[in-house]
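In each ligand, atom 1 is the first atom listed, and ligand 1 is the first ligand listed.
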Amino acid sequence: MCGIVGYIGKNNARITLIEGLKRLEYRGYDSSGISIHNGNEIKTIKSVGKVSNLEEKINPDEFRGNLGLAHTRWATHGKPSIENAHPHNAGDITLVHNGIIENYQEIKKYLIKKGHEFISDTDSEVVAHLIQEENKTKEFEEAVRDALKKIKGAYALAIIHKNYPEKLIVVKNSSPLVIGIGEDEFIIASDASAIISYTNRVLYLDDNELAILSPTNYTVKTISSNKSLYKEEQELDWSDEQAKKEGFDHFMLKEIHDQPHSIQDAIRGRIDMDNGMVLLGGLIPIEERLRSINRIIIVSCGTSYYAGLVGEYMIEEYAGIPTEVEYASEFRYRKPLLDKNTAVVVISQSGETADTLAALKEAKNKGALTIGIVNVVGSSIARQTDAGIYNHAGPEISVASTKAFTSQLSILTLLTVYLGRQRDMSMVMGKRILSELQKLPSLIEKILKEEGSIQKIAKKYADFENFFYLGRKYNFPIACEGALKIKEIAYTHAEGYPAGEMKHGPIALIDKNFPSIVLAPKDSVFEKTLSAIEEIKAREGKVVAITTEKNKDLSVEDTIFVPKTLEILTPILMTIPLQLLAYFVGTERGHDVDKPKNLAKSVTVE
Ligand code: M6R
């Protein structure tokens, strides 16, 4: 999400830090900042917008020193602003943070009682104050360790102290952090792209580890037991471009592989397992109004529209609220019948899609309650909805949406349980869905390990010009999303269809040159999907089936297995092989998969 850079060594920190920030700009940013320790004090400056805006504000004579931190922010808590930009300061402590602190509100309350004053809305500033509080009675390193023991969540932190001009502490838990080892200097960063032009000798911290860096030395310890660790240094042979993609050939593949983390980030701190409930801070102001909602309309475009269709199945089945899904481009020109008991849920990764924004305005004019599911904090849709839930998926760089989609599905699952528990859903059911949702990141890791066999299947079908993508119930929208993905990336004709509709016409197209990708998990409609498969096979159609592991009731040309989960969650798992299929067919055809022809990442015109 955010980009972190830190420097300690013999050279002027500012130059390395600004260069590092520019290299991290590709991850998306809304503001940036830098702190330099000049030997006596820590000077900080921040700016909204591009790193070049920050650079212009810096007086080089004032910002000179051998220790420093810098940060490009991609907002999660609090809008983009100077106050919310990093580094954050509390007394002698200055830090930069990447990640999400789950229990920051609780800690903030505790610190306010102790007299701390906050200037930002961020979770990160709370960490700076907590370390400052601990530092009242303990020295710097111990204060950091003890503060971290009180924090729940994901973080990579780089921390400096006014009284320690030769010490940089970095810690990692669930957010990436790499230490670049130079000649009498260290550069730390959230990814290797900020480091690679200085050194290819690196050290990766693992979760729950802390490193203490001086200009010439480093020590790595465990956070919990303060035990010193031996860490193997690594040599990276990545180019600048490869470093940005963390060694993957394309951002799309990197983002497909990001999904165990992006789903974890979507649900982090939002599950109250003891009560089978969901905690959504953004919905607190409308909590009571949501109890009287008797109709939901979801509006969105493209991939976000297909997420909405899955949401319709989820909300109707588990929350019992009649739900419809509309293309935003249609909704904006219809005469929608809405009233104050209708909630319009607007889904948009970018938060800037022109059609979705226009549909939102129409819904507001008609007096409906509007709720956003948006990835980009502070975007137009996020600002204009009455309330919302952020995805926290981090910037999605590839034009084709991948991790934002599965993140949207995860948020819709949370919203379903939230609304369901306000109504008839039992605690047992709430717990059941939420505990299975928590298992998804590790199940996705398992599917990603099968990438090689999915690539082989993609190669086999790379020259076909037509595909059907078929699914039923929860997986009908996923069939549509799979078809959209292969259209976008491989420029091949593909149609997403409900499997049960084949016999009503489309089956006329089936022959040996028109393969079908069939989503057939062992769910409540498996037997029905099987019938569609038999009909296709009877017409010499080739079938690639994606089904639940150990399912032996299928005899088709090619099979991809995904782990077992609840029916409501199968769409998230089914999506992963479809993304990989599209990716590998696209690369097999030699396309620039990150920038497919005729497409833009954010469609801000009608
Ligand atoms: O940013 P949004 O979610 O509002 O974007 C909606 C669509 O433009 C987007 O999902 C588009 O379909 C992508 N190219 C899908 O990969």
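- A donor-acceptor pair under 3.5 Å links the side-chain atoms of Gln422 to the main chain of Glu287, judged by distance alone.
- A heavy-atom distance below 4.5 Å is not found between the side chains of Ser31 and Asn84.
- Heavy-atom proximity to Ser348, at under 4.0 Å, picks out these atoms of ligand 1: 1 (O), 2 (P), 3 (O), 4 (O).
- Residue, atom and distance of the protein heavy atom nearest to atom 6 (C) of ligand 1 are Cys301 O, 3.3 Å.
- Checked by distance only, ligand 1 and Glu488 come closer than 3.5 Å through their nitrogen or oxygen atoms.
- Ligand 1 is approached by Val399 to a heavy-atom distance shorter than 4.0 Å.
- Salt-bridge formation is detected for the pair Arg295/Glu324: a Lys NZ or Arg NE/NH1/NH2 atom is positioned less than 4.0 Å from an Asp or Glu carboxylate oxygen.
- Every pair passing salt bridge (Lys or Arg N to Asp or Glu O under 4.0 Å) that includes a residue from residues 564-580 is listed here, sequence neighbours excluded: Lys473-Glu567.
- Near Ser304, meaning under 4.0 Å from any of its heavy atoms, are these atoms of ligand 1: 2 (P), 3 (O), 10 (O).
- Of all protein heavy atoms, the one lying nearest to atom 5 (O) of ligand 1 is Thr353 OG1, 3.5 Å.
- In terms of protein heavy-atom proximity, atom 8 (O) of ligand 1 is closest to Val603 CG2, 4.0 Å.
- Near Thr303, meaning under 4.0 Å from one of its heavy atoms, ligand 1 places the atoms 10 (O), 12 (O), 15 (C), 16 (O).
- Looking at ligand 1, you'll find an N or O of Lys485 within less than 3.5 Å of one of its N or O atoms.
- For Lys439 and Glu436, the salt-bridge test passes: some basic side-chain N is under 4.0 Å from an acidic carboxylate O.
- Checked by atom type and distance alone, the side chain of Tyr491 pairs as donor or acceptor with a backbone atom of Lys597 at under 3.5 Å.
- Looking only at heavy atoms of the protein, atom 1 (O) of ligand 1 is closest to Ser350 OG, 2.6 Å.
- Under the 3.5 Å distance criterion, the side-chain polar atoms of Arg332 are left unmatched by any main-chain donor or acceptor of Glu362.
- In summary, the atoms of ligand 1 found under 4.0 Å from a heavy atom of Ser401, numbered by their order in the structure, are 15 (C), 16 (O).
- Near Ala400, meaning under 4.0 Å from any of its heavy atoms, are these atoms of ligand 1: 16 (O).
- Taking the side chain as every heavy atom from C-beta outward, Leu360 and Val344 never approach each other to under 4.5 Å.
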